[in-house]
Structures are given as C-alpha cells and as structure tokens.
There are 2 protein chains.
Amino acid sequence: MSKGKTRADFMEYLRAKGLKTTQQRDVILDEFLRAGSHLSTEELYLRLRRKHPSIGYATVHRALKLFAESGIAEQRHFGDGQARYEATGQNEHHDHLICTACGRILEFEDPRIEQLQDEVAARHGFTIERHRLELYGLCKDCRPA
Amino acid sequence: MSKGKTRADFMEYLRAKGLKTTQQRDVILDEFLRAGSHLSTEELYLRLRRKHPSIGYATVHRALKLFAESGIAEQRHFGDGQARYEATGQNEHHDHLICTACGRILEFEDPRIEQLQDEVAARHGFTIERHRLELYGLCKDCRPA
DNA sequence: ATTTAAATTGAAAACCGTTTTCAACTAGGG
DNA sequence: CCCTAGTTGAAAACGGTTTTCAATTTAAAT
C-alpha cells in the first residue's frame, strides 16, 4: 500500500463521512507518513511545529484520531503512558519488540504464534477479535556485551 | 502459594524495608485477596468502603503499589485506561483472554508460545525481559449462538 | 463569484485516572 | 510511656487526553 494509496483512502473516508479536506489535515498526514511509525501525538505535534507553528495540538490530536477511524492508522499503547500511532501500511498485521533501554520499536510477524493463539482461544471457548503481543527487553545495541 | 503465605511474604517485605504494619494495610490486603484478581484501585476502594468507610482512596492506591513492590501483586493494563492488580499466586506466569463484551478475564499459559517468542527475540538480537500477550474477543457466554 | 450552512481550527478549560502534598495521627522500638 | 519515623485522609497537583467555544474555513448551492 503506497503512501499515495493511503492518502486516497483517507480522502475517500472524508468524502464518505461528509467531512472536509483542510490544509492542516494535508500537512499532518504528510508529516505522519514521512516521519515513520509509532509517534505519539506530542512527537508529531513538535515535528509539525517546526514548519507549521500555527497548527495546534488539538488539531494534531483530532487528525490522528481521524486517521485511526479511517483505517489508515492504528493507535497503540506501549506502557509509557502515551498513545502512539502507526500507519497501517502493507504490513497488515504484526506484533512488537520494544527495547526498554532506548525505546526502539521493531515489528515482527509469526504465523505459528497466531496459530497457537487461535488454539488457546478455542480451548477456552473464545472468539478472538484482536490480540496484542509485545516483547520487552534489550535490543542488540543496548544489550551488554 | 496460600493466602497465608502471601500475607507472610508481605509482612516480611514490610519488616525488611522498615515499614509499618497498619490496620488499613491489613484490611486492604484481606479484601484484595478475597476479591479475586484484576481489580482496579477504584473497584477495590469501593468494596472496602462498605465495611470501612474511613479508608481513603489514596491509602488503597498506596497499598496496591506496595503490594506490587513487595512482589505479592502485579500491575496490569488491559486498555480500558485504568491499572488493574492481580495477586501473584501459584500461577507464576500467565497471559490473558479478555472478553470485550462482559469484561471477564481468563488466564492461560502456553509454553509453546513462549518458546516461539524466544525464537523471534533471538532472531532480532533481543534479550527478552518480559512480555505481554492479550487476546481480546468474545467469551463463551457472550458469543452469539 | 457570492452566499450560506456545516465542519474545522486554536487556545484554553475540562477531564480522568494517578500521584503527591501536608498536617494530623499511629506504630512500635527504646 | 515517649519519641521518631512512617502512615493516613483530604485535597491539590499532575500529565496525557478530550472538549468547549468563538472565529475561521470549506465546499455546496446559488
């Protein structure tokens, strides 16, 4: 899914909901896609401030919420108390490795784990809607030799 | 690990740290162990209020934090915005199934999943310190026939 | 182009769970 | 008992998130 496609999807969502295209949303979406994922509202707001000092925090917040509603982004919580957003790119589904020292976040995918999750859920009579798997630890660079 | 054992562990922690045994902590620990796990501070506070209306929210909060520090409880976040605590019973480690309809929380354990997590981590050069696996969906009773 | 209704914006205030402050009050060793 | 350090409850502070509101902008209908 290219960035252009993501943008088009978002525009289509706005149209379908009777919402408006604004300069702010354009700019915020640009920066969001450019910046790479797992940004907090605060981080995105600060990045935007550099070139667009008039954009308010509330607008960034509302834009991110809208991105999530439209399906082009997802909200995550990694336990540092603030929400983070990631673009729903090609990587349809994945889980995360989080470095507790430097904060780096890696993504991974393992169908075998998913399979076992389904098994566990079935064993308990659950129908899974979504899951969350996060591995916290030290990344290659932060690990003591 | 019996409740008596848990209580003894907590007392030992207090002693070791030069902290004090108080009526409030006694009562809060009692109710915490009696109530079953995954309670929020608010929930525990409300339960306590019935028999002990003078105990303040802050005291409950501090007691739970202390339980976690002492190792007899663990703090969890299931995405509803509030912290929950569970007693660290015999079940040393486990993950959770959370019903998105009724809020029921089941625990499970699967060494095969753990094993695969280790594999994934190793593949990325990570040293895992802890992980979090939560499966969200509908439980047996909430699932439409 | 102009008008107009509805959506959007930025700043500030409200929110909400959590944590801290502070003066009054205990626990428990000496 | 005293005395000191720890604890308590109420209320205030906190920090991230969300809402309010008057002013502004979008875009559909003239």
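Below, chains carry the letters A, B, ... as their sequence lines are ordered, and counting in each starts from 1.
- Counting non-hydrogen atoms under 4.0 angstrom, A/Gln23 reaches the backbone sugars and phosphates but no base.
- Using a 4.0 Å cut-off, no side-chain N or O of B/Thr41 falls inside it from OP1 or OP2 of C/dG17.
- The CG-P distance, from A/Leu66 to D/dT19, rounds to 13 Å in whole Å.
- The side chain of A/Tyr57 approaches D/dT18 more closely than any other nucleotide in the set D/dT8, D/dT18, D/dT26.
- Rounded to an integer number of Å, the gap from CG of A/Leu46 to P of D/dG16 is 11 Å.
- Computed from coordinates, the B/Asp26 CG to D/dG6 P distance equals 19 Å when rounded to whole Å.
- The side chain of B/His61 approaches C/dT18 more closely than any other nucleotide in the set D/dA10, C/dT18, C/dA27.
- Residue A/Asp80 contributes atom CG, which lies 16 Å from atom P of C/dT18 at whole-angstrom precision.
- Each of D/dT7, C/dT19, D/dA10 was ranked by its minimum atom distance to the side chain of B/Leu19; first place goes to D/dT7.
- In terms of heavy atoms, B/Gln117 sits closest to B/Leu133 at NE2-CD2, 4.4 Å.
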Given the rule in the salt bridge (Lys or Arg N to Asp or Glu O under 4.0 Å) test, do B/Lys17 and B/Glu69 qualify, once you have shown the distances and angles that lead to the verdict?
CA-CA 11 Å; B/Lys17 289 273 184 175; B/Glu69 281 166 30; over 6 Å; no
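- If you measure from atom CD of A/Gln82 to atom C1' of D/dG15, you get 10 Å, rounded to the nearest angstrom.
- If you take NE2 of B/His52 and P of D/dG9, they are 12 Å apart, rounded to a whole angstrom.
- Within a 6.0 Å sphere centred on CZ of B/Arg49, heavy atoms belonging to other residues, nucleotides or ligands number 12 at most.
- The base of D/dG6 is not paired with the side chain of B/Arg62 by any donor and acceptor separated by under 3.5 Å.
- B/Tyr45 approaches B/Gly56 most closely through the heavy-atom pair CE1-C, 3.8 Å.
- The base of C/dA27 lies close enough to the side chain of B/Lys20 for a donor and an acceptor atom to sit less than 3.5 Å apart.
- Taking atom CD1 of A/Ile28 as the reference point, atom P of C/dT9 lies 7 Å away to the nearest angstrom.
- Residue B/Gln24 places none of its side-chain N or O atoms closer than 4.0 Å to OP1 or OP2 of C/dA27.
- A sub-4.0 Å separation between OP1 or OP2 of C/dT20 and a side-chain N or O of B/Lys65 is present.
- Contact between the side-chain N/O atoms of A/Thr22 and the OP1/OP2 oxygens of C/dT9 is found at a separation under 4.0 Å.
- The environment of B/Gln115 atom CD is sparse: at most 12 non-hydrogen atoms of other residues, nucleotides or ligands sit within 6.0 angstrom.
- Not a single donor-acceptor pair under 3.5 Å links the side chain of A/Glu31 to the backbone N or O of A/Ile28.
- In terms of position on DNA chain C, the residue among B/Tyr85 and B/Thr21 whose nearest nucleotide sits closer to the 5' end is B/Tyr85.
- Ranking C/dT18, C/dG10, D/dA10 by closeness to the B/Ala58 side chain, first place goes to D/dA10.
- Nearest-nucleotide positions on DNA chain C place A/Thr59 closer to the 5' end than the other of B/Ser40 and A/Thr59.
- Within 4.0 Å (heavy atoms only), A/Arg25 reaches sugar-phosphate atoms of the nucleic acid but no base atom.
- Whole-Å rounding puts the B/Arg15 CZ to C/dA27 P distance at 19 Å.
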